[in-house]
Amino acid sequence: MDTANSKQSDLDKRYIRMASIWSENSYCQRRKVGALIVKDKMIISDGYNGTPSGFENVCEDDNNVTKPYVLHAEANAITKIARSNNSSDGATMYVTASPCIECAKLIIQAGIKRVVYSEHYRLEDGIELLKRAGIEVVFVDTSEK
């Protein structure tokens, strides 16, 4: 591996660890997911899965089923960009779980060009859509040092 690829791999691992730490802010019990959007080596947005602003911080119903209005980490990070002066065009998204198809659509529309993730979601349709859109998709195995 050349030096540039090695450096990028090290950065990817560092940012994915940061996304993992950010996921700890989630109130969801079933799965905690964190996301960071990075552009020019600066974190320009962050998100974790949870309920919309103003809602109680309870993600699951009495049957431990995720409530339908819970936002995914990717959606939270992208919508934060919309409320800021930043642009996600050409950025990299680091997310702890591979994006679902709905989040993949948002990622494409946000102009994000690279997605790095560390955990496979049960469905791969989001990853396939990202690849079809020409977005670079990278899996980082956080179990290896």
Side-chain angles (χ1 to χ4, degrees), residues 1-2 4-61 65-144:
M1 188 187 306
D2 66 33
N5 283 344
S6 177
K7 258 185 170 171
Q8 185 60 60
S9 177
D10 288 346
L11 272 176
D12 286 347
K13 288 177 183 172
R14 195 169 304 132
Y15 282 124
I16 207 73
R17 284 195 313 266
M18 291 169 73
S20 179
I21 290 167
W22 198 245
S23 74
E24 295 172 16
N25 289 319
S26 174
Y27 288 91
C28 296
Q29 299 301 310
R30 293 180 63 222
R31 172 179 286 194
K32 295 177 183 293
V33 179
L36 298 176
I37 299 176
V38 177
K39 188 172 179 178
D40 301 324
K41 295 184 181 174
M42 290 189 313
I43 297 169
I44 60 170
S45 190
D46 54 56
Y48 51 87
N49 56 326
T51 57
S53 298
F55 282 65
E56 62 183 359
N57 290 321
V58 178
C59 298
E60 295 85 12
D61 64 19
V65 174
T66 300
K67 294 179 179 178
Y69 53 82
V70 168
L71 288 157
H72 289 188
E74 302 95 321
N76 269 325
I78 289 169
T79 55
K80 268 190 187 177
I81 289 278
R83 295 176 71 174
S84 75
N85 293 325
N86 287 317
S87 166
S88 54
D89 202 36
T92 297
M93 175 174 279
Y94 293 89
V95 61
T96 56
S98 59
C100 70
I101 194 149
E102 293 302 317
C103 287
K105 290 188 275 186
L106 293 174
I107 290 166
I108 293 164
Q109 289 301 95
I112 293 167
K113 294 299 177 207
R114 203 165 167 268
V115 174
V116 179
Y117 69 99
S118 60
E119 183 185 317
H120 295 285
Y121 182 61
R122 60 184 169 83
L123 301 174
E124 292 287 317
D125 52 356
I127 293 294
E128 295 308 314
L129 185 64
L130 292 172
K131 289 178 182 175
R132 185 173 165 200
I135 293 172
E136 181 185 353
V137 178
V138 178
F139 172 74
V140 172
D141 186 353
T142 54
S143 65
E144 60 183 44

Measuring from Q8:CD to T92:OG1, what's the distance to the nearest 0.5 Å? 6.5 Å

What's the shortest heavy-atom distance between A104 and P99, and which atoms? N-CB, 4.3 Å

pair R132-E128: side-chain heavy atoms closer than 4.5 Å: no

Working note: K41 + L11, criterion side chain to side chain contact (heavy atoms under 4.5 Å, CB included); need CA distance, chi angles, decisive distance, verdict. CA-CA 9 Å; K41 295 184 181 174; L11 272 176; 4.0 Å; yes

To the nearest 0.5 Å, how far apart are CG in D141 and CD1 in I16? 11.5 Å

Measure across L36 and Y15 and return the closest heavy-atom pair with its distance rounded to 0.1 Å. CD1-O, 3.6 Å

So how far is it from N49 CG to R30 CZ, rounded to the nearest 0.5 Å? 10.5 Å

Please indicate whether F139 has more than 12 foreign heavy atoms, meaning atoms of other residues, nucleotides or ligands, lying under 6.0 Å from its CZ. yes

Distance-only donor-acceptor check, side chains D12 and Y94, under 3.5 Å: yes

Residue pair N76 / G47: nearest heavy atoms and the distance that separates them: CB-CA, 4.1 Å

pair K80-D46: side-chain heavy atoms closer than 4.5 Å: yes

Between E119 and V33, is there a side-chain heavy-atom distance shorter than 4.5 Å? no

Heavy-atom closest pair, residues R114 and I135: N-CG2, 3.8 Å

Could you tell me whether a side-chain N or O of S26 sits under 3.5 Å from a main-chain N or O of G50, the two making a donor and an acceptor? no

Do other residues, nucleotides or ligands put more than 12 heavy atoms under 6.0 Å from the CD atom of E60? yes

Grab the two heavy atoms, one from S88 and one from I37, that are nearest each other, plus how far apart they are. CB-CG2, 4.4 Å

Should L123 and I101 be marked as a side chain to side chain contact (heavy atoms under 4.5 Å, CB included) after you check the CA-CA gap, both sets of side-chain angles, and the distance that decides it? CA-CA 9 Å; L123 301 174; I101 194 149; over 6 Å; no

Are the side chains of I78 and I112 in contact, using a 4.5 Å heavy-atom criterion? yes

Just by modelled atom types, is the S87 backbone N or O under 3.5 Å from a matching donor or acceptor in the K39 side chain? yes

dist S20:OG -> Y48:OH (nearest 0.5 Å) comes out at 15.0 Å

Can you tell me how far the CD1 atom of I21 sits from the OG1 atom of T96, to the nearest 0.5 Å? 11.5 Å

Please check: side-chain N/O of S118 versus main-chain N/O of T142, any donor-acceptor pairing under 3.5 Å? no

Expected output: side-chain N86 to main-chain I81 donor-acceptor under 3.5 Å: no

Is there side-chain contact between C100 and E74, with at least one heavy-atom pair below 4.5 Å? no

Quick check: closest heavy atoms across A77 and S45, and the distance to 0.1 Å? O-OG, 2.7 Å

Rounded at 0.5 Å granularity, tell me how far CD1 in I43 sits from CE in M18. 3.5 Å

